[in-house]
Colleague: 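Let me begin by handing over the structure; questions about it come next.
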Protein chains: 2
Amino acid sequence: MDKSEYSITSKHIYSGKIVKLRVDEVVLSNGYITQREVVEHAPAVAILAVDDEGNVLFVRQFRYATGKELLEIPAGIMEKGESPEETARRELKEEVGYDAGYLKHIASFYSSPGFSDEIIHLFYATGIFPSKLDSDEDEIIEGIRLNPEECKRLIEEKKIEDAKTLTALLWYLNQIKSILPSKN
Amino acid sequence: MDKSEYSITSKHIYSGKIVKLRVDEVVLSNGYITQREVVEHAPAVAILAVDDEGNVLFVRQFRYATGKELLEIPAGIMEKGESPEETARRELKEEVGYDAGYLKHIASFYSSPGFSDEIIHLFYATGIFPSKLDSDEDEIIEGIRLNPEECKRLIEEKKIEDAKTLTALLWYLNQIKSILPSKN
C-alpha cells in the first residue's frame with residue numbers, strides 16, 4: 001500500500017538561523033487534500049561519550065525553547081561539508097573538551113517526524129582523551145560525568161528530559177547488560 | 001551557576017494548524033545577546049502498547065516532513081482539556097483500535113529542545129483489548145505487531161528512525177532483560 005503524499009503548492013514562510021518554515025498543500029494517497037507544515041532543520045549529531053571507567057559525559061545547558069536547563073549528551077548541527085563523524089569529533093571537542101579514539105554509529109532518527117525533517121545521527125565514542133575546550137560564545141555549557149548506576153537512577157526518576165539523551169542512555173544500559181554478567 | 005536566558009523582544013512569525021513560530025531576542029547569563037527561534041507545538045503522547053504475548057503494536061505511516069514512511073508507536077497531540085492518560089487512550093483507539101487495561105507513565109521528554117517546546121509523554125500500555133478503530137480522515141495508517149526479538153533486530157539493523165519509538169523500544173528491551181532470566 002503506497003501511502004506517499006505529494007505537494008500541490010508550497011509556501012515559504014520563514015528562513016532563519018536554525019530553522020526554515022514552509023507550508024505545503026498536499027494530496028494524500030486516498031485523494032484527500034490537506035496542509036502540512038514543515039520545519040526544515042539541518043541534520044544534527046549527538047555523541048554518547050564514555051570514558052575508560054564507563055562514565056558518560058554530559059552537558060547541562062539552558063534550553064530557551066523549553067524554559068529550563070536540561071542534562072544532555074553533547075550534540076550539534078552538521079556544518080556544510082562535514083561528515084557526521086567530523087561533526088561528532090568537533091562537537092565533542094567544543095562542548096566537553098575531548099577527542100575520541102573510536103567512534104561507532106548507533107542509530108539515525110527523526111526527532112519530530114510529524115512536523116520536522118531534523119535527523120540526529122547518534123555516535124558511541126570510546127577511548128576518549130582530553131583536548132582543548134573551544135566553545136561558541138552563545139553556548140554556556142557545564143560538563144558533568146555520571147556512572148551507569150547514576151544514569152539508570154536518573155532515568156527511573158524521570159530526570160532525563162531530552163529525547164536523544166534518553167535514547168543514548170537506554171542503548172548504553174542495554175549494551176552493558178549484554179556484556180556484564182547478570183546479577184541474578 | 002544560573003544559565004537562564006531572558007527575552008528582550010519577541011516577534012510572532014506564524015501560527016498554523018500544528019506549529020507556531022516566534023523569534024525572540026534574548027540576553028544570556030554572560031550578557032551576550034542572541035536570537036532564539038522557537039517552534040511552539042502542543043504536548044504529545046506516545047504509547048508503547050504490549051499485548052499479552054509481549055508483542056509491541058506499531059503503526060506505519062507516511063511522514064511528509066521526512067519524505068518517507070516510518071514505523072512508529074501510536075502517538076498524537078493532546079487535545080484541549082485532555083490529560084496525558086486520556087490522550088493515550090484516545091490515540092490507542094484511533095490508531096490501532098485498542099483499549100488499555102493498564103497505563104503506566106514511563107518518561108516525558110522534549111523531542112528537539114534546541115528549537116521547539118514539544119514534549120512527549122510516553123506511556124506503557126498493557127492488558128490491551130480490541131476496541132473500535134476510529135481514524136482521522138487525514139491519517140492513513142497501517143497496524144503492525146512485532147515480538148521483542150523482531151524489535152531488537154530492527155534496532156540493530158538501524159531501521160527504527162523515529163526518536164520516540166527508539167526510546168520506547170530500548171526501554172522495553174531493558175525491562176524484559178530485568179524480568180526474564182539471562183541467557184548467560
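All heavy atoms count here, side chains included; hydrogens, waters and symmetry mates do not. So that the names make sense, note that chain A is the first sequence line, chain B the second, and so on, each numbered from 1.
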Colleague: More than 12 heavy atoms of other residues, nucleotides or ligands under 6.0 Å from CZ of A:Phe129: yes or no?
Modeller: yes

Colleague: Hey, is NZ on A:Lys3 packed in by over 12 heavy atoms from elsewhere, all under 6.0 Å?
Modeller: yes

Colleague: Are the charged groups of B:Asp51 and B:Arg145 less than 4.0 angstrom apart, N to O?
Modeller: yes

Colleague: Select one option (side chain, backbone, both, neither) describing which atoms of B:Val19 are under 4.5 Å from chain A's heavy atoms.
Modeller: both

Colleague: Chain B: which of A:Asp117, A:Thr165, A:Ile119, A:Ile120 shares the most heavy-atom pairs with it under 4.5 Å?
Modeller: A:Asp117

Colleague: What residue among B:His121, B:Arg90, B:Lys164, B:Glu82 forms side-chain contact (heavy atoms from CB on, under 4.5 Å) with B:Val45?
Modeller: B:His121

Colleague: Based on non-hydrogen pairs under 4.5 Å, which of A:Ala44, A:Ser7, A:Pro113, A:Ser111 is most in contact with chain B?
Modeller: A:Pro113

Colleague: Looking at A:Glu69 and A:Arg63, would you say the former's side chain and the latter's main chain have a donor-acceptor pair under 3.5 Å?
Modeller: no

Colleague: Would you call B:Asp99-B:Lys93 a salt bridge at under 4.0 Å N-O?
Modeller: yes

Colleague: Under 6.0 Å from the NZ atom of A:Lys17, do we count more than 12 heavy atoms belonging to anything else shown?
Modeller: yes

Colleague: Taking side chain as everything from C-beta outward and backbone as N, CA, C, O, which of these in B:Leu21 sits under 4.5 Å from a heavy atom of chain A? Side chain, backbone, both or neither.
Modeller: side chain

Colleague: Given that the side chain runs from C-beta out, which part of A:Leu70 has a heavy atom under 4.5 Å from chain B: side chain, backbone, both or neither?
Modeller: side chain

Colleague: Out of B:Ser29, B:Ala168, B:Ala163, return the one with the most heavy atom pairs under 4.5 angstrom to chain A.
Modeller: B:Ala163

Colleague: Please flag which part of B:Lys158 lies under 4.5 Å from any non-hydrogen atom of chain A: side chain, backbone, both or neither.
Modeller: side chain

Colleague: Quick one: sort the A:Tyr172 and A:Tyr124 rings into parallel, tilted or perpendicular, breaks at 30° and 60°.
Modeller: tilted

Colleague: When heavy-atom pairs shorter than 4.5 Å are enumerated against chain B, which of A:His105, A:Glu156, A:Gln35, A:Glu40 gives the highest number?
Modeller: A:His105

Colleague: Under 4.5 Å heavy-atom distance to chain A, tell me which part of B:Lys159 shows up: side chain, backbone, both or neither.
Modeller: neither

Colleague: Between A:Ile33, A:Thr34, A:Asp24, which has the largest tally of heavy atom pairs under 4.5 Å with chain B?
Modeller: A:Asp24

Colleague: Given a strict heavy-atom distance threshold of 4.5 Å, which part of B:Arg60 is in contact with chain A: side chain, backbone, both, or neither?
Modeller: both

Colleague: Under the 3.5 angstrom rule, does the side chain of B:Glu150 hit a backbone N or O of B:Asn147 as a donor-acceptor pair?
Modeller: yes

Colleague: By a 4.5 Å heavy-atom criterion (distance strictly below it), what part of B:Glu37 contacts chain A: side chain, backbone, both, or neither?
Modeller: side chain

Colleague: Over all heavy atoms of both residues, which pair between A:Leu48 and A:Leu122 is shortest? Give the atoms and the distance, please.
Modeller: N-CD1, 4.3 Å

Colleague: Top residue by heavy-atom pair count (under 4.5 Å) with chain A, among B:Leu169, B:Ile160, B:Asp2, B:Asp162?
Modeller: B:Asp162

Colleague: Between chain B and each of A:Ala107, A:Ser112, A:Gly67, count heavy-atom pairs under 4.5 Å; write down the option with the most.
Modeller: A:Ser112

Colleague: Can you say whether B:Glu72 sits under 4.5 Å from chain A via the side chain, the backbone, both, or neither, judging by heavy atoms?
Modeller: side chain

Colleague: Shorter than 4.5 Å, heavy atoms on both sides: which option in B:Tyr64, B:Tyr14, B:Phe109 has the most such pairs with chain A?
Modeller: B:Tyr64

